Amino acid sequence: MNEVSTTDERRADLTRRLARVRAAIAQACATAGRDVAEVDLLAVTKTIPAADVAILLELGLTDFGENRAQEAADKVGEVAGLAPHAAPRWFFVGGLQRNKARVVTPWVTRVESVDSARLADALDTQVRRAVDAGGREGPLPVLLQYSVDGDPARGGVARDGLAALAAHVSGLPGLRLDGLMAVAPLGADPDRAFADVAAAAAALRDDHPSARVLSAGMSGDLDVAIRHGSTCVRVGTALVGERRLASR
């Protein structure tokens, strides 16, 4: 099978998958009595090739989520070469080590996984340096990663630490607090988990009214998350299929 045929087949596959995902979001919004325009689709493209991202850009997607700093940095450059006239937005959705803040700062649109003051400080430092050097304009939007069950092994900040972290982040000139991100714990009842997430997001907005983004819901539970107020669903498997090694 030649490369053109393979590319055409992958484009057809991604077209079908994207249509199904958009239909699922539309149905979830209709069921919840919400406008579909209120919910953004973030394509989680970790470990898939840059060529797939280029196809998704052709299909109208603009927002892509990555969770490994160096892999993502390489992919950003590859995608720029494959689609030089496109304007993708890159979101970091995984655990981020403080020493990788400098890797993501040049290209990231939003970091969704801030779960400690030390990580926030590291990002703030790198963003201010980038702004001073002309590499960025303005502060970096961030979301606080909320831990539903408080398990530190999975990342995120527990409810009793959320207000303090929000206050800390909102005081950093290099960052802009945009809202909350959460993942329903494995094995948990999604309805109960996302109800808890919605309550945490509402409490955050009480103190920080501009923090209105709620990034919650993935391939298997986006309908429940949308019912509980998610404004951004992060879809990987349903959209791109099983993970493949990223191109280099």
Side-chain angles (χ1 to χ4, degrees), residues 25 38-46 63-69 72 89-98 100-101 104 108-120 122-124 139-170 172 175-186 188 190 192-236 239:
I25 293 172
E38 297 174 1
V39 181
D40 294 327
L41 171 57
L42 175 56
V44 179
T45 50
K46 60 185 183 182
D63 296 352
F64 303 95
E66 296 285 328
N67 74 339
R68 295 184 178 94
R89 304 198 311 161
W90 297 96
F91 296 71
F92 200 84
V93 298
L96 181 63
Q97 297 176 327
R98 298 192 308 279
K100 297 296 184 181
V104 306
V108 76
T109 300
R110 183 169 77 205
V111 172
E112 301 207 348
S113 48
V114 173
D115 61 358
S116 72
R118 296 176 71 188
L119 175 57
L123 286 168
D124 174 64
L140 169 67
V142 300
L143 305 183
L144 305 186
Q145 182 178 348
Y146 172 57
S147 173
V148 176
D149 59 6
D151 184 351
R154 285 197 287 268
V157 59
R159 179 74 74 91
D160 60 5
L162 197 58
L165 181 57
H168 183 82
V169 169
S170 65
L172 297 175
L175 305 184
R176 188 183 79 203
L177 178 59
D178 272 9
L180 203 68
M181 182 271 269
V183 179
L186 288 174
R192 179 175 295 181
F194 287 124
D196 180 77
V197 170
L204 179 65
R205 288 193 302 273
D206 285 344
D207 293 332
H208 305 275
S210 63
R212 306 199 64 80
V213 175
L214 177 53
S215 178
M218 299 186 291
S219 296
D221 56 19
L222 64 81
D223 56 332
V224 185
I226 287 172
R227 179 153 45 84
H228 286 287
S230 174
T231 66
C232 175
V233 292
R234 307 180 304 276
V235 180
L239 180 61

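Bear in mind that the values here come from a model prediction, so they are computed numbers and not experimental data. Residues take their numbers from the sequence shown, with the count starting at 1.
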Intermediate values then yes/no, side-chain contact (heavy atoms from CB on, under 4.5 Å), D221 and F194: CA-CA 10 Å; D221 56 19; F194 287 124; 3.6 Å; yes
List the steps, then state whether side-chain contact (heavy atoms from CB on, under 4.5 Å) holds for D40 with T231. CA-CA 6 Å; D40 294 327; T231 66; 5.8 Å; no
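- Put simply, the side chain of V111 reaches to within 4.5 Å of the side chain of V114, judged on heavy atoms.
- Of the possible polar contacts, one joining the R159 side chain to the D196 backbone as a donor-acceptor pair under 3.5 Å is found.
- In this structure, A120 and V169 approach most closely via the heavy-atom pair CB-CG2, 3.8 Å.
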Assess whether side-chain contact (heavy atoms from CB on, under 4.5 Å) is satisfied between V233 and L41, documenting all intermediate values. CA-CA 5 Å; V233 292; L41 171 57; 4.3 Å; yes
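- Heavy atoms only, all atoms of each residue included: A182 and V197 are closest at CB-CG2, 3.6 Å.
- Around CZ of R192, the count of heavy atoms belonging to other residues, nucleotides or ligands within 6.0 Å does not exceed 12.
- Side-chain contact between M218 and L222: absent, with no pair of heavy atoms (C-beta onward) separated by less than 4.5 Å.
- T109 places a side-chain N or O within donor-acceptor distance of the main-chain N or O of W90, the cut-off being under 3.5 Å.
- At least one side-chain heavy atom of L162 sits under 4.5 Å from a side-chain heavy atom of L144.
- Side-chain contact between L177 and L143 is absent, with no heavy atoms from C-beta onward closer than 4.5 Å.
- Summarising the geometry of M181 relative to V183, their closest heavy-atom pair is SD-CG2, 4.2 Å, with the distance given to 0.1 Å.
- Using a distance-only test at 3.5 Å, with no hydrogens or angles considered, no donor-acceptor pair links the side chain of S230 to the main chain of G217.
- A side-chain contact (heavy atoms from CB on, under 4.5 Å) with E66 holds for exactly one of T45, V104, V108; it is T45.
- Considering CG of N67 and NZ of K46, their distance stands at 4.5 Å, rounded to 0.5 Å.
- Inter-residue side-chain proximity for V93 and R234 is flagged as met; some heavy-atom pair is nearer than 4.5 Å.
- Residues L96 and L123 are in side-chain contact: their nearest non-hydrogen atoms beyond the backbone lie under 4.5 Å apart.
- Here the closest heavy-atom approach between residue A225 and residue A216 is recorded as CB-O, 3.3 Å.
- Between R110 and E112, at least one side-chain N (NZ, or NE/NH1/NH2) sits under 4.0 Å from a carboxylate O, which counts as a salt bridge.
- Here the straight-line distance linking atom CG of L119 with atom NZ of K100 works out to 13.5 Å at 0.5 Å rounding.
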Does the side-chain contact (heavy atoms from CB on, under 4.5 Å) test come out yes or no for Q145 and L180, once each step is laid out? CA-CA 6 Å; Q145 182 178 348; L180 203 68; over 6 Å; no
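- Nearest heavy-atom pair across C232 and V39 is N-CG1, 4.4 Å.
- For the residue pair G150 and S147, the shortest heavy atom distance occurs at N-OG, 2.8 Å.
- The structure places CG of L214 at 12.5 Å from CG of D178, a figure rounded to the nearest 0.5 Å.
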